[in-house]
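Each residue takes its place number in the sequence, starting with 1. Computed over heavy atoms, backbone and side chain alike; hydrogens, waters and symmetry mates excluded.
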Amino acid sequence: MHVILAGGNGTVGSAILAQALLHPSITRLTLLLRRPLALSLSSPKLHIIIHEDFLSYPPALLEQLKGAQACLWAIGVTGVGAKVEGDYEKITRDFAVEAAKAFAALREDGEKFVFCFLSAATANQAVGKAWGEAGRVRGEAEATLVALTSTLPLATYFFRPAPVRSSNPTVPFTTFQNIRFYLMSRFVIDDDVISNAMIQAALQGGSGEIEGWEGKGKPGNEGAFGIGEMKLLAAESVLAKKE
C-alpha cells in the first residue's frame, strides 16, 4: 500500500514515520514535508518530497503521488508557533482541506482515498462549542473535511489526543512531566499508539467505514476517535500484536 505522510518532524509525525516504515502492509511511504527531515533515515520504501506551499498541489506533484491510497496528516502548529495572524487557521485547517481535495483522485483501486487527520481532544465540530482556539480551528477542519466526503471519493477519520507522551524521548522526562503523566494517566496517550491507530484506519477505511467502528468518519463529534477508542484501534495493529 502506498501511503502519504504529511509532516514527520513533530512528536506524533516522527512516531508515525517510524511505525509506517515498520508496517509490512505499507510498501511505499511518501513523506511530504515543509522543511528537511530532522533525522537521517534510509529505507527502500521511503520517498521524501519537500513541498513549500501546502495550499497548492500542482500536476507535477500529484503525478509523484499517483496511486497513493491514504494520507496520514500530522502537520500542525501551536498558537504560540503561529507568528503571523491567520497562520494558525491556515496551517491547522486550510492546509489539510486543500490537501484532501487534491488527493481524493489519487487512488486507482476503486475505493475511497483515506484521509486521517490528527486533531485534538479539545476539538468540537459544533459551532461555538469548542474549548479555545485550537479546539475551534480543529473542529472547523474536521467539519469541512467530512463535508467533502459527500462530493469526493474520500473517507475521513479524525483522531483526538490529549497530552501526548513520547515513546522514545530524546531527553528524559522531568519530574514534573512524570507527575503530570501519572495524574492524567487516564487521558495521556503514547505517540506510537496514535500512530498505530491512524495507520490501522488508513489500511481498513477505504470503503468509508472501518469494520467494528461503524459511525467513525461520519459528521459530528461522535465520528472522531477519542483517546480510549484510539487505544483499542491501535491494539488491532500487527505491530501492537508483536509487542
Side-chain angles (χ1 to χ4, degrees), residues 3-7 10-13 16 32 54-55 57 70-79 81-82 86-104 112-164 187 189 191 193-202 204-210 213-234:
V3 174
I4 301 166
L5 169 58
T11 298
V12 178
I16 296 174
L32 206 56
F54 276 77
L55 293 175
Y57 297 86
C71 175
L72 306 170
W73 190 269
I75 289 178
V77 65
T78 64
D87 267 6
Y88 185 75
E89 288 86 350
K90 181 175 72 173
I91 295 170
T92 305
R93 179 192 60 213
D94 300 346
F95 280 5
V97 170
E98 293 307 313
K101 291 177 182 176
F103 296 168
K112 298 179 180 181
F113 186 88
V114 181
F115 196 91
C116 296
F117 178 74
L118 181 63
S119 189
T122 56
N124 195 317
Q125 293 182 29
V127 177
K129 299 293 185 180
W131 181 29
E133 182 184 32
R136 174 184 65 80
V137 176
R138 291 188 183 277
E140 289 173 356
E142 290 182 10
T144 305
L145 287 166
V146 75
L148 295 177
T149 64
S150 64
T151 57
L152 296 173
L154 188 69
T156 57
Y157 301 99
F158 311 121
F159 301 83
R160 295 179 172 180
V164 176
F187 305 103
I189 186 167
D191 55 7
V193 174
I194 303 170
S195 304
N196 281 332
M198 292 179 71
I199 291 170
Q200 196 70 7
Q204 296 187 357
S207 68
E209 286 191 342
I210 302 171
W213 294 98
E214 290 75 13
K216 295 304 179 185
K218 305 304 181 185
N221 292 312
E222 298 78 8
F225 282 94
I227 295 168
E229 293 165 326
M230 282 188 280
K231 292 178 179 179
L232 291 173
L233 181 59

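Considering only heavy atoms from C-beta on, Cys116 comes within 4.5 Å of Phe159 through its side chain. Annotation: side chain of Ile4 is not in contact with side chain of Trp73 (no heavy-atom distance under 4.5 Å). Two residues are said to be in side-chain contact when any heavy atoms from C-beta on lie closer than 4.5 Å; Lys112 and Ser207 fail this criterion. With contacts defined as side-chain heavy-atom distances shorter than 4.5 Å, the pair Leu72/Val3 qualifies. Residues Arg136 and Glu89 meet the side-chain proximity criterion, which asks for heavy atoms closer than 4.5 Å. Considering only heavy atoms from C-beta on, Leu148 stays 4.5 Å or farther from Phe115 through its side chain. In this structure, the side chains of Phe54 and Ile91 stay at 4.5 Å or more apart for every pair of heavy atoms. Residues Ile194 and Leu118 meet the side-chain proximity criterion, which asks for heavy atoms closer than 4.5 Å.
Side-chain atoms of Asn124 and Arg138 form no donor-acceptor pair, as typed in the model, at a separation below 3.5 Å.
With sequence neighbours left out, Tyr57 forms a ring-ring contact (aromatic ring centres under 6.0 Å, His included) with His51, Phe103.
Checked options Glu142, Gln125, Arg160, Lys129; the residue passing with Asn221 is Arg160 (criterion: side chain to side chain donor-acceptor pair (under 3.5 Å)). Partner of Glu209 under the side chain to side chain contact (heavy atoms under 4.5 Å, CB included) criterion, chosen from Lys218, Lys216, Gln204: Lys218.
Contact record, Ala74 with Leu5: CB-CD1, 4.5 Å, taken as the closest heavy-atom pair. The two residues Thr92 and Ala141 make their nearest non-hydrogen contact at O-CB, 4.2 Å. Ile227 and Ala162 get closest at one heavy-atom pair: CD1-CB, 3.6 Å. Closest heavy-atom contact between Thr149 and Val146: OG1-O, 2.6 Å. Nearest heavy-atom pair, Pro161 versus Ser119, reported as atom, atom and distance to 0.1 Å: CD-O, 3.6 Å. Minimum interatomic distance between Gly135 and Ala130 (heavy atoms only, all atoms of both residues): C-CB, 3.3 Å.
Within the model, atoms CD of Gln200 and CG of Leu232 stand 12.0 Å from one another, a figure rounded to the nearest 0.5 Å. If you take CE on Met230 and OG on Ser195, they are separated by 10.5 Å, rounding to the nearest 0.5 Å. The distance from the OG1 atom of Thr144 to the CG atom of Asp94 is 8.5 Å, given to the nearest 0.5 Å.
Judged purely by atom type and a 3.5 angstrom limit, Tyr157 uses its side chain to pair as donor or acceptor with the backbone of Gly205.
Residues Phe225 and Trp213 bring their aromatic ring centres within 6.0 Å.
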